[in-house]
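Data block below; observations after.
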Amino acid sequence: MDLRPPAELVSSRARTMWAVQGVMLTAVLLIGGGVAWYFIDPDTMWKLLGIALITVVFVGTVLVAPVLRYRIHRWELTDDAVYTQRGLLTVEQRIAPISRVQTVDTERGVLERFFGLSSVTVTTASAKGELRIEGLDATVADRVVHELTVVTAASEGDAT
Amino acid sequence: MSDPSGSEERAQVSPGEGDARGSGEERAQVSPGEGDARDSGEERAQVSPGEGDAREKQTDPGVWRRLSPRMLLIHPIKEIGRFLPALIAVVVAGSTGGQNWWGVAAAAGAIAFGVLRWITTRYRFTPDQVQLRHGLLSTTTVSAPIDRVRSVDVTASVMHRALGLAEVQIGTGAGEKALKLDGLTSAEAAALRGDLLHRAAKATPERAVDDATAPPGDDVGETRVAAAYETEAVVYQLNPAWIRYAPFGPAGLIAALAILGVGSQFLNESGIGWGEDGLVAGAADRLAAIGVIAAVLAVLVGALVLIVVLALLGYLLAFHGFRLTRDARGGSYHVSRGLLTTRATSLEIRRLRGVEVHRHLPLRWVGGAYLSAITTGVKDDGRGMSSTLTPPSPEQVVVHTADEVLGEDLFAVPLQRHGAAAMRRRYTRAMAGAAVPAALLVVAAGIWDLPALGVCAILPLAAGVALGWSRAHWLGHAVTERFLVTRSGSIGLSTNVIERRGAVGVTVRRSFFQRRAGVATVSLATAAGNKDYPVVDLPQDQVGKLASQIVPGHIEQFLR
């Protein structure tokens with residue numbers, strides 16, 4: 001018996017957003033490399049190494065990671081539990097009974113707002129047991145938060 | 001309300017009749033009995049005045065009281081200690097200028113400061129709060145609601161003990177600052193501790209009070225000051241011979257390092273120091289004459305002897321007379337310990353979620369272990385000992401104590417092994433760590449043409465195999481009716497027992513290599529202790545089963 005992955009995918013726009021983040025990181029590296037090339041003019045070996053590094057970063061963060069993350073990042077909300085899966089090299093699945101949920105936070109960064117996305121963080125009494133869903137469609141996130149708050153309010157106990 | 005006879009007697013302590021009626025209600029609530037004392041107003045008339053002045057004074061409600069005047073002896077000494085560097089500077093500056101009275105003035109100032117602190121510090125007991133007020137111009141009042149009291153710790157330093165005093169720390173929660181009453185008499189402190197803990201316990205009905213474990217006839221001596229301790233059953237009592245585990249235990253080593261640090265600082269300041277003309281430099285010359293190897297050996301042996309002595313000393317200072325008792329009425333465990341500074345601390349059974357049995361390497365080799373508690377909402381006291389249940393002791397004693405505390409024979413339960421893939425991973429990981437120094441040795445042998453060095457590469461590899469074997473040997477877990485037992489590690493081997501009802505979630509982690517090996521790490525997330533108790537490298541086909549044992553009823557819907 002093993003756990004199946006959670007049912008729901010995050011928004012496909014999240015894939016684009018992660019790729020844009022990769023492009024931005026590559027751009028920063030390119031500018032840094034360009035400055036070094038112009039002012040320091042290092043040995044050819046260093047130049048080649050730099051080019052190789054930037055290529056690897058570009059391929060990794062723009063072409064590969066967003067696709068993998070989109071496949072891995074999943075979530076599911078049922079009547080009595082929250083289930084999330086995230087990660088890239090290390091995949092982490094977390095399940096928390098709703099009766100143990102303490103707070104539900106929504107977070108929208110600048111880029112997330114541009115893409116109409118939200119991150120939802122569900123915390124429990126364990127400082128190391130928070131569940132995070134990144135790249136949710138904003139309306140879906142609002143629905144999730146609403147459902148969670150309604151159910152948590154209805155459940156008894158102090159969630160410890 | 002388990003023993004009304006005792007509490008009623010307690011409510012009769014006020015000898016002054018006239019005012020007893022007026023303030024009867026308040027008094028009844030402050031005194032250790034509970035609500036039903038209010039009805040016993042008539043019985044109050046039958047007061048026996050010899051009941052103990054300490055209790056009468058401390059439970060008198062609403063009156064601001066000062067701490068023991070004997071603290072006037074302690075405060076100035078403490079103040080002088082705190083301002084010592086400044087004082088020395090003042091005295092030195094004064095003496096070069098020929099004005100010695102500066103030093104006298106500074107000392108007098110320090111003493112006056114201490115007296116002022118005593119005058120401006122007051123405390124009182126209101127019906128439902130303990131309050132402490134201090135400050136001259138801006139007064140600060142700290143209040144602790146009595147029904148929220150979680151811990152009452154009594155500490156007595158050497159100075160305090162010489163004067164028959166103690167410091168009481170009343171804690172109401174993890175996030176809040178403890179209320180400190182520094183300077184009650186020992187009797188007052190002991191009585192206050194018993195009263196507060198029992199009353200806090202009664203104010204919280206859901207607390208687990210296991211009457212069955214209380215010794216029979218425990219409500220007889222309630223009126224005495226020491227009554228609080230008569231309901232306690234001793235769970236663990238340190239045998240002085242167990243000091244032999246001190247050099248192998250972590251606390252002993254830490255204490256040794258701390259003492260060493262203080263010692264070296266002291267040496268520095270006393271002018272003996274490590275300087276050019278100091279003793280140490282002279283010693284170094286002599287050592288050079290003997291020869292480098294002898295010197296290294298001597299230093300090593302000297303350091304070893306020093307560490308052993310310091311570890312023994314640290315163990316003695318911290319753990320002398322260590323006693324773990326269960327107070328069934330108060331629903332808590334009590335620890336008392338210490339050679340010079342004595343400490344009495346408590347731990348609520350309600351907050352206990354399990355225990356950790358530590359068998360770190362040097363300690364395990366000599367058959368020792370130590371026990372710590374997994375609790376919620378207990379902040380570390382800064383000495384890293386708030387959760388210590390036993391100091392390093394013989395393994396059987398520790399396991400027995402753990403069984404007593406948990407109320408279940410857990411260490412007899414056979415642990416489930418994690419299968420071939422998990423065992424393989426223990427070896428590969430240990431060998432990967434050993435390969436680095438081995439490779440370095442081989443490279444070094446090639447560079448300097450020293451074949452002997454290359455042969456030495458076998459050593460880290462052998463150590464890697466031994467470590468892998470040991471880790472594979474100890475890895476395991478078990479699930480019982482109430483607990484999850486996990487055991488892992490080798491050098492830092494620990495067996496963790498966590499109550500399953502404390503689980504707030506489950507985490508399944510798979511690294512790239514774990515996915516390839518078909519294993520996963522399943523952790524129990526909890527609010528207590530480390531917050532995360534992992535079962536490492538469980539075979540994939542058992543993940544669902546363990547997860548549904550950790551949070552029963554919620555996992556089945558997510559299984560394949």
Side-chain angles (χ1 to χ4, degrees), chain A residues 1-8 60 64-65 68-69 71-104 120-133 148 151-152 155-160, chain B residues 173-174 204 206 350-351 353 374-377 498-516 518-534 538-560:
Chain A
M1 271 194 304
D2 196 358
L3 295 167
R4 61 169 171 77
E8 318 255 359
V64 180
L68 282 180
R69 275 180 122 189
R71 244 186 256 164
I72 292 168
H73 279 230
R74 286 167 159 265
W75 62 281
E76 188 170 344
L77 176 63
T78 67
D79 294 339
D80 62 335
V82 196
Y83 180 18
T84 63
Q85 174 177 294
R86 59 197 296 263
L88 196 62
L89 292 177
T90 298
V91 178
E92 204 171 81
Q93 297 166 320
R94 290 186 171 183
I95 301 172
I98 283 184
S99 58
R100 301 308 183 113
V101 169
Q102 285 192 327
T103 63
V104 187
V120 174
T121 307
V122 178
T123 62
T124 62
S126 170
K128 289 184 187 165
E130 62 171 35
L131 293 85
R132 213 172 134 76
I133 316 170
L148 269 174
V151 188
T152 352
S155 72
E156 285 173 14
D158 63 350
T160 53
Chain B
T204 328
E206 76 264 31
R350 199 167 57 109
R351 309 205 156 267
R353 291 285 180 277
I374 300 172
T375 54
T376 58
I498 314 106
E499 223 172 335
R500 284 161 61 197
R501 75 178 168 93
V504 297
V506 60
T507 305
V508 181
R509 210 173 283 120
R510 292 178 178 96
S511 72
F512 176 73
F513 294 109
Q514 279 180 312
R515 283 200 296 278
R516 281 177 40 131
V519 294
T521 296
V522 181
S523 315
L524 179 151
T526 173
N530 286 346
K531 317 287 186 201
D532 185 75
Y533 286 92
L538 194 69
Q540 229 144 36
D541 54 350
Q542 295 175 31
V543 167
K545 188 177 160 221
L546 182 63
S548 51
Q549 280 171 327
I550 290 174
V551 249
H554 299 290
I555 305 295
E556 289 71 15
Q557 54 191 333
F558 301 129
L559 294 180
R560 270 190 226 283

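Convention: sequence-line order gives letters A, B, ...; per-chain numbering from 1.
Heavy atoms only, all atoms of each residue included: A:A96 and B:V504 are closest at CB-O, 3.9 Å. In this structure, B:R560 and A:P5 approach most closely via the heavy-atom pair NH1-CD, 4.1 Å. B:G505 approaches A:P97 most closely through the heavy-atom pair CA-CD, 4.2 Å.
Residues A:L3 and B:L559 meet the side-chain proximity criterion, which asks for heavy atoms closer than 4.5 Å.
Atoms CZ and OG1, on B:R510 and A:T90 in that order, are 11.5 Å from each other to the nearest 0.5 Å. Atom CZ in B:R509 sits 4.5 Å away from atom CD in A:E92 (nearest 0.5 Å). Between B:S548 atom OG and A:M1 atom CE the span is 5.5 Å, to the nearest 0.5 Å.
Using a 4.5 Å cut-off between heavy atoms, B:V551 touches chain A through its side chain atoms alone. Contact annotation for B:Q557: both backbone and side-chain heavy atoms come within less than 4.5 Å of a heavy atom of chain A. Looking at B:Q542, the atoms closer than 4.5 Å to chain A (heavy atoms on both sides) all sit in the backbone: N, CA, C or O. For chain B, the nearby part of A:L88 is the backbone; its heavy atoms alone come within less than 4.5 Å.
One N or O on the side chain of B:R515 and one on the backbone of A:L89 form a donor-acceptor pair closer than 3.5 Å.
When the heavy atoms of residues 79-87 of chain A are compared with those of chain B, the residues falling under 4.5 Å are A:D80, A:A81, A:Y83, listed by number.
With respect to chain A, the highest number of heavy-atom pairs below 4.5 Å among B:V543, B:T507, B:D532 belongs to B:T507.
By the neighbour-count criterion of 12 heavy atoms within 6.0 Å, atom CZ of A:R71 is sparsely surrounded, having that number or fewer from other residues, nucleotides or ligands.
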